[in-house]
Amino acid sequence: MKLARLAAALLPLAGLAGLWAWSEHISRQGTDWEVPVAGYDPRDLLRGHYVEFTYDWPSRDDERQEEGPPRIQPPPEALCLSGDPPLITQAAAFDPFDRAVFEACAHPILADPGGVYGAAGLRTGRLYVGQDRARAIEERLAARDLRAIVTIRQRKDGTFTPVDIRFRPLTEAEREAREGDSIRPAAPPLMT
């Protein structure tokens with residue numbers, strides 16, 4: 001009788017431990033990629049223990065916007081990553097419902113419609129940072145001479161998770177582009 005009670009008490013704990021071990025195993029699976037950060041709101045850097053940012057996926061040159069007023073485009077719902085991990089050379093958008101393209105892509109990632117950002121999950125991301133790192137990350141994000149790089153872990157099923165953030169000095173080309181953006185006149189307001 002005592003043995004049955006002990007087993008009844010330990011069985012749920014063993015089940016929880018098994019689930020935790022399985023989720024830990026799954027979270028470590030996948031390919032790590034480094035994605036530059038395009039921007040973040042300097043007035044609202046950290047929401048609790050999360051840093052929020054905008055991904056700067058590398059695309060083909062013909063997909064990049066020409067000079068002129070900014071065009072608002074919907075965020076991609078699926079991207080096919082190319083390159084030698086962790087370096088992404090191209091992130092090509094595709095229709096997430098096109099199974100042939102998904103299966104042909106070696107490294108697909110999909111927006112999670114049920115996630116925090118929904119369909120915009122490939123444009124905007126967030127990363128949990130501990131309280132001990134929050135102040136340092138906040139200061140580094142505000143530094144104009146640094147580029148933030150987010151490491152994501154991409155899995156075969158198209159899901160991905162931001163796992164870390166690091167910073168590097170701007171390259172000369174990035175410095176020139178940033179300076180050019182600050183002196184370019186603002187686009188006229190959109191008329192409705």
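Worth knowing before you read on, the calculation uses all heavy atoms, side chains too, and leaves out hydrogens, waters and symmetry mates.
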Restricting to non-hydrogen atoms, name the atom on [X] and the atom on [Y] that form the minimum distance, rounded to 0.1 Å.
X	Y	answer
Phe167	Leu146	CB-CD1, 4.3 Å
Ile109	Trp57	CD1-CH2, 3.4 Å
Pro113	Ala111	CD-O, 3.2 Å
Pro12	Ala8	CD-O, 3.1 Å
Ile165	Ala148	CD1-CB, 4.1 Å
Gln29	Arg155	O-CG, 3.4 Å

Calculate, to the nearest 0.5 Å, the distance between atoms [atom1] and [atom2] belonging to [X] and [Y] respectively.
X	Y	atom1	atom2	answer
Leu127	Ile137	CG	CD1	7.0 Å
Thr151	Arg166	OG1	CZ	6.5 Å
Glu176	Glu179	CD	CD	7.5 Å
Leu79	Ile88	CG	CD1	8.5 Å

Steps toward side-chain contact (heavy atoms from CB on, under 4.5 Å) verdict (Leu110, Phe102)
CA-CA 10 Å; Leu110 305 171; Phe102 179 85; 3.8 Å; yes

Report the residues that fulfil side-chain hydrogen bond (donor to acceptor under 3.5 Å, both in side chains) with [X], sequence neighbours left out, ordered by chain and then residue number.
X	answer
Arg175	none
Asp157	Thr159
Thr171	Glu174
Asp32	Arg153

Hydrophobic cluster identity match, Leu141 and Leu170, side-chain contacts under 4.5 Å:
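Cluster IDs for Leu141 and Leu170 differ.
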
Which residue pairs pass the salt bridge (charged side-chain N to carboxylate O under 4.0 Å, His left out) test when at least one of the two sits in residues 75-103, sequence neighbours left out?
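Every pair satisfying salt bridge (charged side-chain N to carboxylate O under 4.0 Å, His left out) with a residue in residues 75-103: there are none.
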
Should Ser82 and Thr89 count as side-chain neighbours, where that means a heavy-atom distance under 4.5 Å?
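Answer yes - side chains close enough.
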
Tyr55 side chain reached by Pro162 side chain, heavy atoms, under 4.5 Å:
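Of all side-chain heavy-atom pairs linking Tyr55 with Pro162, at least one is under 4.5 Å.
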
Quick check: does any side chain N or O of Arg147 sit under 3.5 Å from a backbone N or O of Val37, one acting as donor and the other as acceptor?
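A pair under 3.5 Å: yes.
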
Can you sort out the partners of Phe94 under ring-ring contact (aromatic ring centres under 6.0 Å, His included), two or more places apart, ordered by chain and number?
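By the ring-ring contact (aromatic ring centres under 6.0 Å, His included) rule, Phe94 matches no residue at all.
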
Output every pair passing ring-ring contact (aromatic ring centres under 6.0 Å, His included) with a member in residues 127-158, not counting sequence neighbours, ordered by first then second residue.
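For residues 127-158, and leaving out neighbouring residues, the ring-ring contact (aromatic ring centres under 6.0 Å, His included) pairs sorted by first residue read His49-Tyr128, Tyr50-Tyr128.
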
Output, in order, the C-alpha distance, side-chain angles, deciding distance and verdict of side-chain contact (heavy atoms from CB on, under 4.5 Å) for Arg133 and Asp164.
CA-CA 11 Å; Arg133 289 183 65 198; Asp164 199 13; 3.1 Å; yes

Taking only residues two or more places apart in sequence or in another chain, which ones pass side-chain contact (heavy atoms from CB on, under 4.5 Å) with Pro86?
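side-chain contact (heavy atoms from CB on, under 4.5 Å) check on Pro86 returns Glu34.
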
Mind running side-chain contact (heavy atoms from CB on, under 4.5 Å) on Tyr117 and Arg123 for me, showing each step along the way?
CA-CA 9 Å; Tyr117 297 107; Arg123 176 174 290 164; over 6 Å; no

Sort and list the pairs that fulfil disulfide bond (SG atoms under 2.5 Å apart) and have at least one residue in residues 92-174, not counting sequence neighbours.
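Listed once each, the pairs are Cys80-Cys105.
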
Does any pair with a residue in residues 104-114 pass side-chain hydrogen bond (donor to acceptor under 3.5 Å, both in side chains), and if so which ones, sequence neighbours excluded?
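Output for this query lists His107-Gln154.
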
Under a single-linkage rule joining Ile, Leu, Val, Met, Phe, Trp and Tyr whose side-chain heavy atoms are separated by less than 4.5 Å, which residues share a cluster with Leu6?
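In the cluster with Leu6 are Leu10, Leu13.
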
